[in-house]
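Okay, structure first, notes after.
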Amino acid sequence: MGKHYDRDLAALQLALVRTQAAMTQSGERVVLVLEGRDGAGKDGAIKRITEHLSVRSTRVVALPKPSDRERTQWYFQRYATHLPAAGEFVIFNRSWYNRAGVEVVMGFSTAAEQEAFLRDAPDFERMLVESGIKLVKLWLDIDKDEQADRLEARRTDPLKMLKVSDMDAVAQDKWADYSAARDTMLTRTHTPLSPWYCVRANSKKAARLAIMRHLLKSVAPAEIADTVKAPDREVLFPFDIDAITDGRLAK
């Protein structure tokens, strides 16, 4: 994919720049939610998306664990404060869906809190969309062996040491638990107003191009979106329940 990747990446980045210029004029608000297993490639995708965008109008939100005060707030409150104003593009590198993923697997919240989240998230997102926010939700999926290789690279590459987290140590041991949490999350929170799209991310480059194409098709003005090739459906596809069992999502 080498030479073609660089060419396609540059063209998509230019389209994103043009899209952001249009957003500045129109006041459009965009939220991109990126979820996925540890090592799925969220950081790399974000770097390529934001590389040439305005730092004033683009924000990447990657929240730490909640403070004691935040734990007493309405769950969505700490995320709502980061939502975009007119002309802004906000990327959540992990989002309110922490409650349906790592908190389930690691027991960081109660079963009642997790059930309340699955019930309330579609309503929260409906309010966002009905307020005029363009919401794009992507699940980045990788195989177990691919995750093992990427986590090992983190541990052995000094330049990746800041990516190492305590969660890495249990990602492989709790693979099946994360799969079950993913399946429940996607099934319960995939709606017509805020659908999930899944990205087969074993190939980082293919995943990045597909993500950027989907993003542009979803939020760019028609005169820009129409010039963008549709993402490869072998790489990025709308979630449906069959994907859990037909091999499109890693087990």
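Just so it is clear, the values below take in all heavy atoms, side chains as well, and ignore hydrogens, waters and symmetry mates. Start at 1 with the first residue, then count along the sequence.
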- prompt: Are there more than 12 heavy atoms of other residues, nucleotides or ligands under 6.0 Å from atom CG of D149?
  reply: yes
Just checking R233: does its CZ atom have more than 12 heavy atoms from other residues, nucleotides or ligands closer to it than 6.0 angstrom? yes
If you look at every heavy atom in [X] and [Y], which pair is closest and at what distance?
X	Y	value
R200	E234	CD-O, 3.2 Å
K229	R213	O-CD, 3.2 Å
T189	E125	O-OE1, 4.3 Å
D157	L159	OD1-N, 2.9 Å
V136	S218	CG2-CB, 3.8 Å
R150	N202	NH2-O, 3.0 Å

message = Is the distance from the ring center of Y97 to that of F117 below 6.0 Å?
response = yes
So, does [X] use its side chain to make a donor-acceptor pair with the main chain of [Y] at under 3.5 Å?
X	Y	value
R94	G36	yes
Q172	K144	yes
T58	V55	no
E70	R78	no
T50	L53	no

Would you please say whether a donor-acceptor pair under 3.5 Å links the side chains of [X] and [Y]?
X	Y	result
E88	S57	no
S194	T191	yes
Q114	E103	no
D141	W139	yes

[atom1]-[atom2] distance between [X] and [Y], expressed to the nearest 0.5 angstrom:
X	Y	atom1	atom2	result
D240	D246	CG	CG	7.0 Å
R48	L16	CZ	CG	13.5 Å
D226	K217	CG	NZ	6.0 Å
L209	L12	CG	CG	6.0 Å
T19	Q13	OG1	CD	12.5 Å
T81	Q77	OG1	CD	8.0 Å

With heavy-atom distances below 4.5 Å as the criterion, would you say the side chains of [X] and [Y] are in contact?
X	Y	result
V61	V90	yes
L32	I49	yes
I211	L138	yes
T184	V104	no
L186	R182	yes
M106	K174	yes
H190	I241	no
C198	L249	yes

Please tell me whether [X] and [Y] are part of a single hydrophobic cluster in this structure, the criterion being side-chain heavy atoms less than 4.5 Å apart.
X	Y	answer
L118	L128	yes
M127	L83	no
I133	I91	no
M212	F237	no
L151	V102	no

Quick one: sort the F92 and W96 rings into parallel, tilted or perpendicular, breaks at 30° and 60°. perpendicular
(message) Please evaluate residues F108 and R99 with respect to the criterion side chain to side chain contact (heavy atoms under 4.5 Å, CB included), reporting the C-alpha separation (whole Å), side-chain torsions for both, the decisive distance (0.1 Å), and the verdict.
(response) CA-CA 8 Å; F108 293 157; R99 176 135 295 178; over 6 Å; no
- Message: Is there a side chain to side chain contact (heavy atoms under 4.5 Å, CB included) between I244 and K251? Walk through the geometry before answering.
- Response: CA-CA 8 Å; I244 294 172; K251 296 302 289 183; 3.8 Å; yes
Between R208 and K204, is the side chain to side chain contact (heavy atoms under 4.5 Å, CB included) condition met? List the steps.
CA-CA 6 Å; R208 291 166 188 166; K204 292 181 180 180; 3.8 Å; yes
Stacked cation flag R37 on Y178, 6.0 angstrom / 45 deg
no
Inset, instruction - Output yes when R126 and D120 qualify as a salt bridge under the 4.0 Å nitrogen-oxygen rule, no when they do not. - result: no
Exercise for review: For side chain to side chain contact (heavy atoms under 4.5 Å, CB included), just list the numbers for L215 and F89, CA-CA rounded to whole Å, side-chain angles, deciding distance to a tenth of an Å, and then say yes or no.
Suggested key: CA-CA 11 Å; L215 179 62; F89 176 31; 3.8 Å; yes
**Request:** Determine, stepwise, if the pair Q20 / S54 fulfils side-chain hydrogen bond (donor to acceptor under 3.5 Å, both in side chains).
**Result:** CA-CA 8 Å; Q20 189 166 59; S54 166; 4.8 Å; no
